[in-house]
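The structure under discussion appears below in the form of structure tokens.
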Amino acid sequence: MATLAVLGLGNMGSALAHCLLKAGYSVCVWNRTPEKTKSFAKVGAVICASSEDAVAASEFVIVCIKSHKEAIDLVRGLSVSLEGKTICDMSTGDTSDADSLVSFLSEKNADYMLGMINAYPSGIGSSDTTILTVGSAGTWDRYGEVIRSLGGKSAQIGEKPAALAALFAGLFTVRQGFMFGMIYGALVCQKAGVPMQVYADQLPATIKLVNDYYDLFARTVPTEDYDDAEASLKVYALAQEDALKTCVSLNAPADFIRIMHDRTKAAWEDGYGDKQLTSLVKHMTEAC
Ligand SMILES: NC(=O)c1ccc[n+]([C@@H]2O[C@H](COP(=O)([O-])OP(=O)(O)OC[C@H]3O[C@@H](n4cnc5c(N)ncnc54)[C@H](OP(=O)(O)O)[C@@H]3O)[C@@H](O)[C@H]2O)c1
């Protein structure tokens, strides 16, 4: 079994280290503030006084600190050889920082992995948890099993660092879009005097319809088959127009629904009216 290191023992790093120890790996741990390493001695971790000691003793090094930026500084500051090692940054960050880390590691003849953890620390080790990674060739073959022990549904999605950041942006947009939809919906209902409890009670039925949206998306976007719409794009454009008019007439914020309506109406004007609403992916790609 590979010797592993976990650099960073905050909430997430601690969960990762505990899980790897439970899975039987030999784990070197380091944290900038040494107090956080104390409890790890009792559970069989190798406590390292410096990040260099941890890296020197390990072939696969997981970094889980504040963000990619701090991770780059940490890795750049290491005075030990990184040759032949795989550095796996599980900290979050943007594409440019990920690119800098990857190019620095390739200069040092080290392999890289970047991981996006789709879970809270309490979900680490669960068979349902997903950690998506990108990494240099061969890294998943060597260390995929380690990542799978942290999240049973984990997978490597390619080599490009930008792919992971884009996937994060794409999935986060879905969650935030839903949250902002509830927030804007609350504002228009408030303006009409709908009690927030009544509004909140109606949301579960709407969430069920969101599953239908997902089914439609998964059926049509990958295949680009946007014909035979049960509810066509123009039907959605008209319903959005009604919702927009209601927001405006009640003096509620209308910018969120307006952007949806503008996009849908533009596609209708370009001949997409009878297609599925999801054909907006195609229309907006062409417009980019
Ligand atoms: N918590 C979650 O639910 C969750 C979920 C997915 C992804 N993540 C990602 O996991 C990463 C860690 O999150 P967390 O929840 O563990 O955060 P946290 O509990 O706040 O811990 C932050 C960790 O980063 C270390 N750190 C901060 N700046 C540093 C620096 N300049 N050099 C070295 N170490 C530094 C801290 O060290 P000290 O102890 O010395 O301050 C601590 O170990 C973040 O990128 C976060 O976005 C977290």
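Since the model is a prediction, treat every value here as computed from it, not as a measurement. Just so you know, ligand 1 is whichever comes first in the structure, and atom 1 is the first atom listed for that ligand.
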Revision key, fill the gap. Looking only at protein heavy atoms, what sits closest to atom 3 (O) of ligand 1 is Pro121 CD, 3.3 Å
Point to revise | Check: Asp128/Ser126 side-chain N/O donor and acceptor closer than 3.5 Å | key: no
Point to revise | Heavy atom of protein inside 4.0 Å of atom 20 (O) of ligand 1, strictly below | key: no
Point to revise | Side chain Lys36, main chain Gly10, donor-acceptor under 3.5 Å | key: no
Check your understanding: Does Asn31 have a non-hydrogen atom less than 4.0 Å from ligand 1?
Key -> yes
Review point. Is there at least one pair of N or O atoms, one from Gly10 and one from ligand 1, spaced under 3.5 Å apart?
Key: yes
Check your understanding: Is the closest basic N to carboxylate O distance between Asp111 and Arg142 below 4.0 Å?
Key -> yes
Check your understanding: Without hydrogens or angle criteria, can the side chains of Asp89 and His68 be said to hold a donor-acceptor pair below 3.5 Å?
Key -> yes
Practice item. Before signing off on this row, confirm whether Tyr120 and ligand 1 have an N or O atom pair separated by under 3.5 Å. Key: no
Exercise for review: Could you find the nearest protein heavy atom to atom 10 (O) of ligand 1 and give me its residue, atom name and distance?
Suggested key: Cys64 SG, 3.5 Å
Check your understanding: Looking only at side chains, do Thr220 and Thr278 share a donor and an acceptor under 3.5 Å apart?
Key -> yes
Revision key, fill the gap. Judged by heavy atoms only, the candidate from Thr33, Thr92, Val63 nearest atom 38 (P) of ligand 1 is Thr33
Revision key, fill the gap. For Leu9, the atoms of ligand 1 under 4.0 Å from one of its heavy atoms are 43 (O)
Point to revise | Heavy-atom nearest neighbour of atom 27 (C) of ligand 1 within options Lys66, Glu35, Met12 | key: Lys66
Check your understanding: Is there at least one pair of N or O atoms, one from Asn11 and one from ligand 1, spaced under 3.5 Å apart?
Key -> yes
Point to revise | Flag for Gln190-Tyr199: side-chain donor and acceptor within less than 3.5 Å | key: no
Check your understanding: Side chain, backbone, both or neither: which part of Ala119 has a heavy atom under 4.0 Å from ligand 1?
Key -> backbone
Study note, to complete from the structure: Value for OG (Ser154) from CG (Leu132), rounded to nearest 0.5 Å, stands at 7.5 Å
Check your understanding: Is the closest side-chain heavy-atom distance between Ser14 and Phe40 below 4.5 Å?
Key -> yes
Point to revise | Those atoms of ligand 1 less than 4.0 Å from some heavy atom in Ser91 | key: 45 (O)
**Study point:** Check: Ile257 and Cys247 side chains under 4.5 Å, non-hydrogen atoms
**Key:** yes
Review point. Counting heavy atoms only, which of Lys69, Glu70, Lys36 comes nearest to atom 31 (N) of ligand 1?
Key: Glu70
Check your understanding: Relative to atom 44 (C) of ligand 1, which among Ile117, Leu7, Ile65, Asp73 owns the nearest non-hydrogen atom?
Key -> Ile65
Exercise for review: Tell me which protein heavy atom sits closest to atom 28 (N) of ligand 1, plus the residue, atom name and distance to 0.1 Å.
Suggested key: Arg32 NH1, 3.5 Å
**Study point:** Donor + acceptor pair across side chains of Tyr184, Asp255 (<3.5 Å)
**Key:** yes
